[in-house]
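Predicted, not measured: the structure shown is a model, and the values here were computed from it.
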Amino acid sequence: MLGTTRAKTPKEYIESLPDPRRSEMKALHKLITRTAPALKPKLWGGTIGYGQFHYRYATGREGDWFVVGLANRKDGISFYSCLTDGKQYIAEKHKKDLPKADIGRSCIRFKRLADIDLRVLARIIKENVAAAKKMAKK
């Protein structure tokens with residue numbers, strides 16, 4: 001899932017991209033940081049991860065992961081929403097709201113920024129932040 005990059009910071013990662021992808025990633029980075037300013041961005045391989053939460057499965061496996069993520073991929077942009085609302089993955093819950101996106105359990109893939117509704121993406125970010133806070137209380 002995670003690629004690699006020579007960039008050392010999220011800003012370097014975004015600046016290394018060719019346009020128009022660079023400007024689209026800048027716009028998404030701005031949306032995420034405005035919507036959830038407490039989520040500090042850092043590179044997780046070839047993905048910009050925003051914030052961090054600790055997970056623990058019933059099997060005993062545990063670790064840390066980002067609350068939301070953003071990555072440039074060969075075929076488009078991937079937005080990662082890896083949390084659930086307790087019933088289903090947050091990304092899957094919004095499938096009908098983003099008809100031009102390819103949505104899996106925790107990944108929203110799209111070719112161009114114009115293919116998605118940024119208000120819906122902002123709502124998904126907020127729902128992920130709320131889910132991460134809820135997990136931290138457990």
Side-chain angles (χ1 to χ4, degrees):
M1 178 164 104
L2 297 178
T4 59
T5 179
R6 292 183 181 190
K8 303 257 188 277
T9 66
K11 183 178 180 180
E12 282 180 19
Y13 176 76
I14 293 169
E15 290 300 326
S16 73
L17 303 173
D19 261 328
R21 190 64 57 83
R22 180 184 324 125
S23 57
E24 292 179 331
M25 291 284 284
K26 277 183 184 179
L28 288 164
H29 176 72
K30 193 174 187 178
L31 173 72
I32 295 166
T33 56
R34 274 192 187 163
T35 304
L39 300 182
K40 301 302 174 206
K42 76 174 193 178
L43 286 179
W44 296 63
T47 300
I48 302 171
Y50 298 84
Q52 186 172 316
F53 70 96
H54 189 78
Y55 64 86
R56 184 175 299 121
Y57 294 127
T59 62
R61 180 180 171 184
E62 61 183 288
D64 296 309
W65 201 241
F66 47 79
V67 177
V68 295
L70 184 61
N72 176 56
R73 299 292 183 238
K74 183 174 71 172
D75 294 328
I77 297 171
S78 292
F79 176 85
Y80 296 98
S81 164
C82 301
L83 291 154
T84 72
D85 63 4
K87 297 176 186 169
Q88 69 183 115
Y89 281 92
I90 294 168
E92 286 184 320
K93 186 169 100 173
H94 292 280
K95 224 172 192 173
K96 69 180 184 329
D97 300 327
L98 299 168
K100 290 187 178 180
D102 175 28
I103 300 177
R105 265 191 193 158
S106 60
C107 186
I108 300 169
R109 292 173 293 278
F110 47 95
K111 300 244 184 242
R112 290 170 295 287
L113 192 57
D115 291 344
I116 60 163
D117 184 337
L118 294 179
R119 294 171 302 196
V120 173
L121 203 58
R123 192 165 56 239
I124 291 169
I125 294 165
K126 289 175 185 174
E127 288 179 31
N128 275 273
V129 169
K133 285 180 182 175
K134 189 175 178 181
M135 283 183 71
K137 290 179 182 178
K138 288 183 179 181

With side chain to side chain contact (heavy atoms under 4.5 Å, CB included) as the criterion, how do Lys100 and Phe110 come out once you've worked through the C-alpha distance, each side chain's angles and the decisive distance to 0.1 Å?
CA-CA 7 Å; Lys100 290 187 178 180; Phe110 47 95; over 6 Å; no
Find the distance between [atom1] ([X]) and [atom2] ([Y]) and round it off to the nearest 0.5 Å.
X	Y	atom1	atom2	result
Ile103	Ile90	CD1	CD1	12.5 Å
Ile108	Lys95	CD1	NZ	10.5 Å
Glu15	Met25	CD	CE	11.5 Å
Arg109	Arg73	CZ	CZ	10.0 Å
Ile14	Ser23	CD1	OG	11.0 Å
Leu121	Phe79	CG	CZ	4.5 Å

Distance-only donor-acceptor check, side chains Arg105 and Thr84, under 3.5 Å
no
Any donor-acceptor N/O pair, [X] side chain to [Y] backbone, under 3.5 Å:
X	Y	result
Arg22	Leu17	yes
Lys96	Lys93	no
Tyr80	Ala71	no
Tyr50	Thr33	no

Smallest separation among heavy atoms of [X] and [Y], with atom names:
X	Y	result
Ala91	Ser81	N-OG, 3.6 Å
Leu83	Ala131	CB-CB, 4.0 Å
Thr35	Ala122	CG2-O, 3.6 Å
Arg34	Pro37	O-CD, 3.6 Å
Glu12	Lys8	OE1-N, 2.8 Å

Given side chains that start at C-beta, do those of [X] and [Y] come closer than 4.5 Å, heavy atoms only?
X	Y	answer
Leu70	Thr47	no
Gln52	Lys42	yes
Asp97	Arg123	yes
Lys111	Asp75	yes

When hydrophobic residues are tied together by side-chain contacts of less than 4.5 Å, even through go-betweens, does Leu98 share a cluster with Tyr89?
no
Stepwise side chain to side chain contact (heavy atoms under 4.5 Å, CB included) check, Leu28 with Leu113:
CA-CA 8 Å; Leu28 288 164; Leu113 192 57; 3.5 Å; yes
Using side chain to side chain contact (heavy atoms under 4.5 Å, CB included), reason through Arg112 and Glu24 one step at a time and then give a plain yes or no.
CA-CA 8 Å; Arg112 290 170 295 287; Glu24 292 179 331; 3.9 Å; yes
Quick check on ring pair (Phe, Tyr, Trp, His ring centres under 6.0 Å): which of Phe53, Trp44, Tyr55 does Phe66 satisfy it with?
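It is Trp44; the other options fail the test.
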Evaluate side chain to side chain contact (heavy atoms under 4.5 Å, CB included) for Leu39 paired with Asn128, printing each intermediate quantity in order.
CA-CA 11 Å; Leu39 300 182; Asn128 275 273; over 6 Å; no
